[in-house]
Amino acid sequence: MKQGVLSIDLGTMGVKISLVSLEGEIQKSAYTEYPIISETPGQAEQDSALWWEGIIDCLNELNDSDNNFPHLIKAISICGQMHTHVYLDSEDRPIGPSITWLDQRSSEIIEEWQRDGRAAKLFDLTWIFPTTTYAAPQICWVKKHRPDVFSRTKLIMIAKDYIKFLLTGNKVTEPSDASGTAVFDIRTNQWSREALELIDLDGGLLPEVIPSARIIGHVTEKAARETGLIQGTPVVNGGSDHSVAELGSGLLGEGEVSCIVGTAGVVAACTSSPVIDPKKRVMCWSYPLEGYWDILGITQTAASSLTWFRNVFDKERNNEVFDEYSSLAKGVSLGSEGLVFLPYLMGERTPLWDSKARGVFFGLTMKHSKAHMVRAIMEGVSFSIKDCMKVVEELGVKFDSVNVMGGGSKSPVWRKIQSDVYGKKVRTLETQDTGAIGNLILALLATNEIGDPGEAAKLIRHVETVIPDPIRAKKYENLFGIYKEIYVSTRSIMEKLEAYTHE
């Protein structure tokens with residue numbers, strides 16, 4: 001293996017670590033899963049100790065493949081799941097499990113803020129509208145329902161920033177993850193003192209914010225002993241998982257749109273100035289590149305909808321079952337013979353912002369099979385992403401192609417469905433692990449190997465472009481209208497069903 005950058009991607013379902021050469025070649029990777037704790041309605045927590053254990057397991061695996069592996073690492077760059085946060089006590093130990101971005105229990109806090117006007121004021125102060133996904137309302141939920149935890153808390157860190165702390169001993173964050181708290185002013189890239197005061201949170205509980213492409217510290221003796229890394233290896237500040245993946249897909253400035261069909265669905269367009277959506281459907285967050293912002297539409301459960309299907313109906317199968325799903329979907333006609341899926345398995349974010357939304361298979365008949373359900377999931381997830389794209393276009397972003405990433409981009413059948421549903425060219429890249437390429441780019445900037453993001457364009461290599469079929473695109477446009485109508489017609493029923501989820 002060649003010298004390169006160690007990319008750590010602390011995802012929602014697991015951690016992936018890769019050694020990426022300076023030329024953009026992903027030389028070796030390792031992956032470890034960890035569970036989500038969901039024992040009560042709305043709960044979605046994780047044990048932060050398992051993140052660190054997973055990282056150590058991955059590093060051991062990589063080291064076993066090449067004893068010289070730690071010496072090949074020029075720098076470490078990390079991205080991770082947004083919003084998920086760790087509560088640290090006075091001795092920097094985690095207090096209980098970490099609340100993830102999937103957790104919906106702060107809905108009562110959001111409803112309270114909406115009633116008393118604080119939600120609207122937060123939007124005015126930060127240009128970010130609070131939702132159940134964000135860290136600040138979840139912290140306020142902890143303050144209300146777990147006062148013993150909150151009273152002992154001395155610092156609150158986003159997931160990937162906590163790993164950086166374990167590596168370096170330094171406690172910092174950066175703008176792309178700070179944007180996901182609801183108390184960060186994206187116009188100044190600083191914590192909003194007024195927003196913190198408005199919801200009665202002490203700003204001292206949050207770490208310092210510095211740019212993403214900076215060296216924030218070096219691997220300590222303790223971390224080196226635990227991980228096998230070389231003491232003194234520089235660690236880059238990094239960014240949120242979706243934004244770093246966007247960076248690695250080619251969003252090096254204005255002009256392109258990327259779409260991640262991963263655990264969540266993410267539609268992203270990079271701009272050189274913050275953009276506000278007065279209807280509060282999509283978000284604008286700070287981007288890991290200084291001087292840029294990210295217009296974002298984010299759905300709650302994208303490729304994870306198909307993972308849910310596997311876990312329920314093929315729980316004994318591993319990831320190879322997804323190839324079988326792709327073959328099954330290929331044998332089903334457009335529209336799944338009248339079966340429509342709404343992928344709202346954990347509520348929905350963009351553009352609905354409805355924590356009470358629920359998943360729906362609509363139109364089931366005796367003729368429908370497992371194959372129909374698989375294709376309906378692929379189509380429904382694509383519709384939910386199209387819903388985001390339409391808002392992005394409405395805000396003035398024009399595009400005719402989309403760079404696609406994530407698990408939903410691995411299937412050629414799903415790529416074709418997406419192209420026809422979006423009515424756009426769908427482009428795939430030489431590597432699907434664009435998070436690793438994005439981490440490489442941040443490390444190259446942080447270590448002054450390159451002086452401008454544009455110099456990283458040579459690392460972005462497209463390999464396939466799927467062209468939409470006009471006739472199929474028109475049929476899907478009509479079906480998309482039906483998809484939208486199903487939600488509108490069932491929204492009040494979904495809300496009534498909420499009472500039974502606690503039985």
Side-chain angles (χ1 to χ4, degrees), residues 5 7 9 20 24 77 79-80 82 174-177 179-180 186 189 211-213 236-262 264-275 282-299 302 350 385 388-389 391-393 395-406 408-409 418 422 424-446 450-465:
V5 169
S7 164
D9 187 343
V20 191
S77 187
C79 61
M82 287 192 77
E174 44 71 45
S176 67
D177 252 337
S179 296
I186 62 168
N189 279 337
S212 296
V236 180
N237 205 15
S240 61
D241 54 1
H242 73 83
S243 63
V244 173
E246 291 156 22
L247 181 62
S249 76
L251 261 67
L252 302 171
E254 292 185 283
E256 291 203 52
V257 170
S258 289
C259 174
I260 304 172
V261 189
V266 181
V267 176
C270 188
T271 68
S272 58
S273 59
V275 175
V282 298
M283 299 150 289
C284 183
W285 290 341
S286 297
Y287 199 52
L289 297 179
E290 291 185 71
Y292 289 96
W293 285 260
D294 212 359
I295 302 177
L296 286 166
I298 303 183
T299 69
T350 308
I385 292 171
C388 299
M389 288 182 179
V391 177
V392 171
E393 288 182 300
L395 293 174
V397 179
K398 303 301 179 184
F399 59 102
D400 64 1
S401 65
V402 182
N403 300 319
V404 295
M405 302 160 282
S409 68
Q418 289 180 71
Y422 306 154
K424 310 286 185 185
K425 290 181 285 188
V426 163
R427 302 195 298 175
T428 51
L429 300 118
E430 186 175 85
T431 174
Q432 285 294 302
D433 193 356
T434 56
I437 302 300
N439 273 331
L440 169 64
I441 293 170
L442 289 178
L444 293 175
L445 288 166
I450 60 174
D452 181 86
E455 296 179 42
K458 61 186 178 183
L459 301 172
I460 314 300
R461 295 182 280 270
H462 294 98
V463 295
E464 180 193 66
T465 300

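In this text the structure is predicted, and so the values were computed from the model without any measurement.
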Rounded to the nearest 0.5 Å, the CH2 atom of W293 sits from the CG atom of N189 at a distance of 6.0 Å

task = State whether the side chain of S286 and the backbone N or O of S179 hold a donor-acceptor pair below 3.5 Å, judged by distance alone.
result = no

Note to self: Measuring only between side-chain heavy atoms, which start at C-beta, is M389 closer than 4.5 Å to V402?
What the structure shows: yes

d(S240 OG, D177 CG) to nearest 0.5 Å is 5.5 Å

Practice problem: Show your working on side-chain contact (heavy atoms from CB on, under 4.5 Å) between I260 and D241 and close with a plain yes or no. | Solution: CA-CA 10 Å; I260 304 172; D241 54 1; over 6 Å; no

In short, G435 meets V244 closest at the heavy-atom pair O-CG1, 3.4 Å

dist L459:CG -> I437:CD1 (nearest 0.5 Å) comes out at 6.5 Å

So CG of N439 and CG of L444: to nearest 0.5 Å the spacing works out to 10.5 Å

Shortest non-hydrogen pair, T271 vs I295, comes out as CG2-CD1, 3.6 Å

Would you confirm whether T350, through its side chain, and G297, through its main-chain N or O, come within 3.5 Å as a donor-acceptor pair?
no

Sub-4.5 Å side-chain heavy-atom contact between V266 and M405:
no

On a heavy-atom basis, the closest approach of P288 and L442 is CB-CD2, 4.1 Å

Pairwise side-chain contact, V267 with V282, heavy-atom cut-off 4.5 Å (strictly under)
no

> Are side-chain heavy atoms of L289 and L445 found at a separation under 4.5 Å?
Replying inline: yes

The complete set of salt bridge (charged side-chain N to carboxylate O under 4.0 Å, His left out) pairs with one or both residues in residues 244-255, sequence neighbours excluded, reads none

Residues 435-444 vs salt bridge (charged side-chain N to carboxylate O under 4.0 Å, His left out), sequence neighbours excluded, gives none

- Item | Heavy-atom side-chain contact between C284 and I186 under 4.5 Å | yes

Separation between NE2 (H462) and NZ (K425), nearest 0.5 Å, reads 10.5 Å

Side chains of S243 and D294: donor-acceptor distance under 3.5 Å anywhere? no

**OP:** Could you tell me whether the side chain of M82 reaches within less than 4.5 Å of the side chain of I298, counting heavy atoms only?
**Re:** no

(message) Run the side-chain contact (heavy atoms from CB on, under 4.5 Å) test on T465 and V426 for me, step by step, so that the C-alpha distance in whole Å, both residues' side-chain angles and the decisive distance to 0.1 Å come before the verdict.
(response) CA-CA 6 Å; T465 300; V426 163; over 6 Å; no

Those residues at least two apart in sequence (or on a different chain) that pass side-chain hydrogen bond (donor to acceptor under 3.5 Å, both in side chains) with E464 are R415

With distance as the sole test, does Y287 use its side chain to make a donor-acceptor pair with the main-chain N or O of L251 at under 3.5 Å?
yes

Of all heavy-atom pairs linking N237 and P211, the shortest is ND2-O, 3.0 Å

message = Checking the side chain of S212 only, and the main-chain atoms of G238 only, is there a donor and an acceptor separated by less than 3.5 Å?
response = yes

What one should report as the nearest heavy-atom pair of R461 and G24 is NH2-O, 3.8 Å

Heavy-atom closest pair (V257 atom, A269 atom, distance to 0.1 Å) is CG2-CB, 4.1 Å

Sub-3.5 Å donor-acceptor pair from the side chain of T434 to the main-chain atoms of S249, do we have one?
no

dist I460:CD1 -> N403:CG (nearest 0.5 Å) comes out at 8.5 Å

Fill in: Heavy-atom side-chain contact between I385 and C259 under 4.5 Å
yes

